[in-house]
Amino acid sequence: MKKSDLISKSLSYDFLIIGTGLSGLSAALYAAKFGKVCIVTKSSIDESNSYWAQGGIAAAVDEDDSVESHFKDTISAGSDLNNLDAVKIMVSEGFERVSELIQNGMKFDSDESGFDLGIEGGHSKRRVLHALGNETGKAVVDFLAKEIEKNKNISILENTSVIELFSDNKTCFGGLVQCDKQKSKIAISAKATILATGGACGIYYNSTNPSSTSGDGIAMGINAGAYATDMEFVQFHPTVFFKDGSKNFLISEAIRGEGAILTNHSGKAFMENYSKNKELASRDIVSKAIFNEMKMNGEKNVFLSLKHLNPSLIKSRFKNTFELCLREGLDITKEDIPVAPAAHYILGGIRTDLFSRTNIANLYACGEVACSGAHGANRLASNSLLECLVFAKRAVDSALEFSRKNLSIPNKIKKRSNEISLISSEKKLERLLSFKVSISQVVNNYVGILRNKKDLLLALNEISSIKKKDLDENDIIDNRIMNLKTISYLIAKSALLREESRGCHMREDFSSKNSKWLKHINWKINNGTLRFSYTNH
Ligand code: SIN
């Protein structure tokens with residue numbers, strides 16, 4: 001056995017929060033009212049999905065709107081698989097959380113008549129609050145980050161990855177982290193651990209997420225004994241900038257909300273052939289329509305046309321998009337934007353109850369890493385930041401109620417942590433990088449928007465080519481390979497099991513919704529093997 005690095009430091013906190021997106025930051029600020037908080041991120045605060053969120057935060061703040069209407073739109077997008085209580089909580093408490101943000105000084109874009117509310121697919125009303133035009137995520141994250149910097153109860157560890165959670169499969173005691181700068185292992189014990197790591201769509205070759213968003217938190221939770229659920233539901237964003245050789249970036253749905261039109265290579269608008277709501281149909285419908293047009297015409301993209309919109313609106317409201325496209329040589333006030341769908345948001349994740357609790361005591365999850373059931377089988381646009389705010393607060397409230405005791409990390413867990421080696425070989429690093437690229441292509445090509453049994457089996461075959469017996473569980477790089485394998489396996493296998501089309505899970509070979517599938521596929525590790533079970537909806 002190779003020489004292992006001993007844990008060089010032990011820290012103890014009331015709350016260990018993993019992830020610095022909106023759910024992590026808002027949980028940290030709230031938790032700091034009650035105790036000492038440590039937030040850990042493997043990159044930096046400006047690398048989360050929340051930071052890059054464009055559209056905004058949906059909330060029924062307008063006089064003509066209501067939480068009931070927001071509730072209806074959310075469940076209509078969710079295709080009968082939403083947990084109705086979770087939706088009620090999200091839309092009603094969401095309104096409260098957003099109002100608090102505003103009272104605390106967060107500035108959303110407004111004019112003399114009030115908030116400048118946007119509209120996106122699936123919403124029956126204008127209810128999307130945005131900031132800095134379409135840089136809402138950045139504005140909210142920066143706002144909270146400033147508060148966090150001032151808060152003496154919060155320590156932030158950036159460039160620090162969590163290697164694993166301390167868990168005996170019943171209780172979580174904190175986690176083992178690797179501090180990149182010091183190249184050392186730190187054991188952090190905590191009364192409550194909150195997973196807020198974001199999603200997994202960076203695992204796809206074509207994605208709106210940074211490639212670092214590869215489902216680590218979901219893997220961590222599963223490895224600690226938590227359930228993961230609904231992993232087949234991967235939402236594709238309909239409009240992502242697409243040009244061979246260029247970087248993909250999101251073209252916000254809010255642009256369609258202002259009247260942009262989707263056209264095919266013959267210059268024809270096509271959305272009316274797919275939905276009476278045309279460009280503002282829900283995301284699954286628009287993505288599928290685009291995919292269909294591309295397939296019919298043998299093209300790699302369609303176009304988003306804004307030429308008929310007021311150029312000054314484009315330059316102010318969508319300044320960021322205007323500038324990014326200009327950098328690609330495209331003046332979007334005069335030319336159409338080439339777009340194609342790309343993986344955007346995973347609806348599945350670590351299963352939580354209405355109080356953000358997992359099945360492991362003292363382990364909570366919120367935001368995209370969690371699956372509370374609020375989004376059902378397809379998330380309504382701009383509901384994700386709302387969910388972060390609501391379920392982050394609930395996680396902290398639950399921790400205050402249930403995670404009061406100081407727990408010491410059991411010796412057996414400490415011993416195992418000491419055995420994990422931070423020193424890995426160059427060869428293993430190469431293997432990780434090449435596995436990452438090949439897995440991103442496999443899920444992209446075989447577990448994409450429109451799935452079928454043949455492709456899914458091909459994907460599973462590729463995923464299984466990495467064998468557990470060839471990996472050393474005490475090697476940090478092998479651990480990361482194993483986690484990538486776990487996430488891609490869960491997505492592909494769940495997609496194979498669900499023999500129907502519902503929400504953003506679409507099967508060519510089972511093209512309609514089937515009431516037999518009003519259930520969830522849950523995953524858990526039993527005796528070292530991933531096993532699934534069903535729960536009725
Ligand atoms: C967008 O701006 O189109 C993305 C918003 C979201 O994913 O909710």
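Because the structure is predicted, anything quoted here is derived from the model rather than measured. Numbering of ligands and ligand atoms starts at 1, following listing order.
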Would you please write out the protein residues whose heavy atoms approach any atom of ligand 1 to under 4.0 angstrom, listed by chain and number?
Gln54, Gly55, Glu120, His237, Leu250, Ser252, Glu253, Arg283, His344, Arg379, Ala381, Ser382

If you measure from NZ on Lys513 to CD on Glu500, what distance do you get to the nearest 0.5 Å?
8.5 Å

With sequence neighbours left out, write down each residue that passes salt bridge (Lys or Arg N to Asp or Glu O under 4.0 Å) with Lys138, or none if nothing qualifies.
Asp142

How long is the straight-line distance from CD1 of Ile17 back to OG1 of Thr41, given to the nearest 0.5 Å?
12.5 Å

Side chains of Asn522 and Thr535: any donor to acceptor distance under 3.5 Å?
yes

With under 30° as parallel and over 60° as perpendicular, where do the rings of Phe241 and Phe249 fit, or are they tilted in between?
parallel

Go through the side-chain N and O atoms of Asp397 and Tyr30 and say whether any donor and acceptor fall under 3.5 Å apart.
yes

